[in-house]
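Only one structure is covered here, and it is reproduced in the block below.
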There are 2 protein chains.
Amino acid sequence: MLALSLWMRNPESCRFTATMGSNLTETEISSDEAAPTLSAVAKRAGVSSITVSRVVRLPDLVAPETRARVEKAMRELGYVPNLVAGALASAKTNSVGVLVPTIANSIFADTVQGLSDKLEPLDYSVILAQSRYDAAREDRMLAALLSRRPEAIIMVGSPATEDGKRLLRHARIPIVETWELPIDPIDAVAGFDNYEAGVAVARHFIAQGRQHLAFIGGDDPRGTRRWLGFEDHALAHGLQPPRRLILERNASGSVAAHANLPGVDAVFAANDAHAIGFMAGLRKAGLLRDGPAAAQPVAVVGLGDLEMGRLISPSLSTISVHGDAIGRTAATLTLERGGERRIDLGFELVLRDSG
Amino acid sequence: MLALSLWMRNPESCRFTATMGSNLTETEISSDEAAPTLSAVAKRAGVSSITVSRVVRLPDLVAPETRARVEKAMRELGYVPNLVAGALASAKTNSVGVLVPTIANSIFADTVQGLSDKLEPLDYSVILAQSRYDAAREDRMLAALLSRRPEAIIMVGSPATEDGKRLLRHARIPIVETWELPIDPIDAVAGFDNYEAGVAVARHFIAQGRQHLAFIGGDDPRGTRRWLGFEDHALAHGLQPPRRLILERNASGSVAAHANLPGVDAVFAANDAHAIGFMAGLRKAGLLRDGPAAAQPVAVVGLGDLEMGRLISPSLSTISVHGDAIGRTAATLTLERGGERRIDLGFELVLRDSG
DNA sequence: ATTGCATATGATAGCGCTAACATTCGGCCA
DNA sequence: TGGCCGAATGTTAGCGCTATCATATGCAAT
């Protein structure tokens, strides 16, 4: 193999062997040549490079025998098209930028999964960036994404800064904001009404006869909208002002949360992880029953409908949101320019045993 | 604004206003011009395009006054560099391809998070692809990634097919395989020994006096390695052959699993989600205690150390694996060519109340 | 035979940027 | 005073493709 490899270093030899009908495979190509280009394939197949380009992109335009010859040359050289060059020449990158606050341990992963599943079969690539809930980093990431000239940007929420919004507005590509329904969207929207989700939970707690409500979770824009709906509805129905506890983003903090909420008999957690952490705290305090919601000293409702919430005991009541549907819808909105640009995917209050 | 916008359509007018010292911002640029290029900025600033290029990439090489002038022009035009063109010219894309089986509800999200956190500050972009545990799709995704000419590829596991391996070997870029320790790696490795993880759990069950072992989970390569270690160790210690139940990838299937495992008194679940699902089934069957491991009729150990496992009751014993550390290490391996190329990040058997 | 038209292929000119090599100009040393 | 150097800027020639417009060829319709 070494000898072969050295021998192969002369491109003419390659060509010669191929002409002689050897069935060289790409494994046998010398390893110190530059990656083969369109024109290398063209030369080997005895056609012009545009014909090779057509074999890759528009095979129907090429006569079967020519195509076969070119495909053979591509295989022999181990040709991998260079989409960077292709994108520059065609002004089409076939990529979409995706910006999420975080991908780890988060429901946004479902959204990324959903949109990838829709886009990958269409030969779009996903360029992923994370803002980590940091406005400055978000702006940097948006600029970084845009400089790769994606065909569209899909993001969770809206840009936190005016600079970010301006950047997107000037990009002249489809922009999809997700997981909320901004009043003044940049372009398209695929989400649900976080305020109404808060209202729905408050309404449920009130119907259940709960008196002292609390909200736990982050203070990101979506969490805050949920809180506002929750608070407004509780106040409108004459309850004591609900309490709001802002927690770190990991669920462990929520375990200790109930100590800071004396007298509270119903808790809306901004996401299921927090809800489950909070329930762990309740259990330690002897305030969790395996019975139905009515038997719970403290009712708990989460948001997200994690699979895990169905499995634990007591099972977790939650606002169910279809993260993957949001992703798929967002993908559709990037591909179709016409039609409705504001899609409310709604949510559902799923009542189980926790509250 | 409309009038201004129309008026601005004439580039000469733009230039004129700028010359007059107006503080136009990019919001005021007409919306039907093509995205500004380097040379548009250069023309406006009265320099050559290479100088603009230097202001963007090597600002120290440009005199402060020139730089200021160029930066002003960039701001006024709302210039966003075109990295596609830059990548083609410099043969450097500043991107890495990342291939995971799935990102939703999975520990791989931690790995993606970890590597992004390391790469994004260095101005690398992450191109994300999912194989969905499908060998054909994996090969397609690898080819798609490579055609974008990433500087490196980071993937979970090894390519399932020879074609995939060959593709990567010929790419002549750093390749990092993660979450396992292949005997014959393509290039670099950041993972742990799945076989030994299985051994560790079997050893623990034996020490605990358990007699009838079972393994539940997927039949992907890593799950299978865990099973093999588990099985080998159990057999070597004279136990009955352990049972293996292959489940769908969602945890719900595991809820019913114990019905198919009569007489089993210790279960190793290939991941924490399955473990928690299995425990939900045990609870329904009255086979779960809130006491310590020794009190459990059926011991359960998971893998992954999800935060949730610590929160539920009984708390979940698990093989702890640092997914984010795997990601960060993989990122480091893509950036540094020298040094150790096979990094075993190990695992830890964390014993809690479930087994 | 001529026209017309579809099919198959090619020549040419960029896409927007950067690498590599000039060039200019003042200052400083011998 | 000539030569040399570094700092600042420019010129040129691509990177590997694709859009666009030719150019051949065969064949049915006139």
Side-chain angles (χ1 to χ4, degrees), chain A residues 33-71 73-74 77-95 123 144 146-151 171-172, chain B residues 33-71 73-74 77-95 123 144 146-151 171-172:
Chain A
E33 281 165 31
T37 63
L38 255 198
S39 56
V41 176
K43 198 175 287 178
R44 175 175 264 252
V47 296
S48 74
S49 46
I50 189 71
T51 299
V52 181
S53 175
R54 288 195 183 107
V55 169
V56 174
R57 296 177 304 130
L58 313 155
D60 293 346
L61 293 185
V62 179
E65 312 85 64
T66 316
R67 188 160 72 214
R69 206 144 34 88
V70 170
E71 280 165 348
M74 293 199 300
L77 291 175
Y79 175 66
V80 177
N82 184 333
L83 251 54
V84 176
L88 180 61
S90 66
K92 195 155 189 314
T93 55
N94 260 248
S95 64
D123 291 330
L146 288 174
S147 62
R148 299 201 180 261
R149 295 293 188 270
E151 236 98 289
R172 289 151 198 187
Chain B
E33 282 165 31
T37 64
L38 254 199
S39 56
V41 176
K43 197 175 288 177
R44 176 176 262 253
V47 296
S48 73
S49 46
I50 190 72
T51 299
V52 180
S53 176
R54 288 193 183 112
V55 169
V56 173
R57 297 176 303 129
L58 313 156
D60 292 346
L61 293 185
V62 180
E65 312 85 64
T66 316
R67 188 159 72 214
R69 206 146 33 90
V70 170
E71 280 165 349
M74 293 198 300
L77 291 175
Y79 174 66
V80 177
N82 184 331
L83 252 53
V84 176
L88 180 60
S90 66
K92 194 156 190 314
T93 55
N94 260 249
S95 65
D123 291 329
L146 288 174
S147 62
R148 300 201 179 260
R149 296 291 188 269
E151 236 97 290
R172 290 152 199 186

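Lettering follows sequence order; numbering is per chain, from 1.
Take B/Glu151 and apply the side-chain hydrogen bond (donor to acceptor under 3.5 Å, both in side chains) test, not counting sequence neighbours, and it matches B/Lys92, B/Thr93. Taking the side-chain hydrogen bond (donor to acceptor under 3.5 Å, both in side chains) definition, one finds that A/Ser39 meets it with A/Thr37, sequence neighbours left out.
Taking each heavy atom of A/Ala42 and A/Ser48 in turn, the nearest pair found is CB-C, 3.6 Å. Across all their heavy atoms, A/Val55 and A/Met74 have their closest contact at CG1-CE, 4.0 Å. When all heavy atoms of A/Gly78 and A/Pro36 are compared, the pair lying nearest together is O-CG, 3.9 Å. Of all heavy-atom pairs spanning A/Ala35 and B/Arg172, the tightest one is N-NH1, 4.1 Å. Across B/Arg149 and A/Val80, no two heavy atoms sit closer than the pair NH2-O, 2.8 Å.
Protein atom CZ of A/Arg149 is 19 Å distant from nucleotide atom P of D/dT18, rounded to whole Å. In this entry the distance linking CD1 of A/Ile50 with C1' of D/dA19 reads 8 Å, nearest Å. Protein atom CG of B/Leu88 is 9 Å distant from nucleotide atom P of D/dC17, rounded to whole Å.
Between the CG atom of B/Asn94 and the CZ atom of A/Arg148 there is a distance of 6.0 Å, given to the nearest 0.5 Å.
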Please list every donor-acceptor pair under 3.5 Å in which a side-chain atom of residues 59-66 of chain A meets a protein atom from a residue at least two apart or in another chain.
none

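A donor-acceptor pair under 3.5 Å links the side-chain atoms of B/Arg69 to the main chain of B/Ala45, judged by distance alone.
Toward the 5' end of DNA chain C, the nearer of the two residues A/Ser48 and A/Ala85, judged by each one's closest nucleotide, is A/Ser48. Between B/Ser49 and A/Ser39, it is B/Ser49 whose nearest contact on DNA chain D lies nearer the 5' terminus.
Closest to the B/Val47 side chain, of the nucleotides D/dC17, D/dT18, D/dG10, is D/dG10. In the set D/dC17, D/dT11, D/dA19, D/dA19 carries the atom at the smallest distance from any side-chain atom of A/Ser90.
Near DNA chain D, meaning a heavy atom under 4.0 Å from it, residues 54-67 of chain A has A/Arg57 in order of number.
Once you apply a 4.0 Å limit to the heavy atoms of chain A, the touched nucleotides of DNA chain C run 5' to 3' over C/dA8 to C/dG16.
No engagement by A/Val84 is indicated, since no non-hydrogen atom pair under 4.0 Å with the nucleic acid exists.
Between the two ends of the helix from C/dA1-D/dT30 to C/dA30-D/dT1, each summarised by a five-pair axis, the helix axis turns through 50° (rounded to 10 degrees).
Of the residues listed (A/Ile50, A/Val52, A/Thr51, A/Asn82), the one engaging A/Leu38 in a side-chain contact (heavy atoms from CB on, under 4.5 Å) is A/Val52, and it is the only one.
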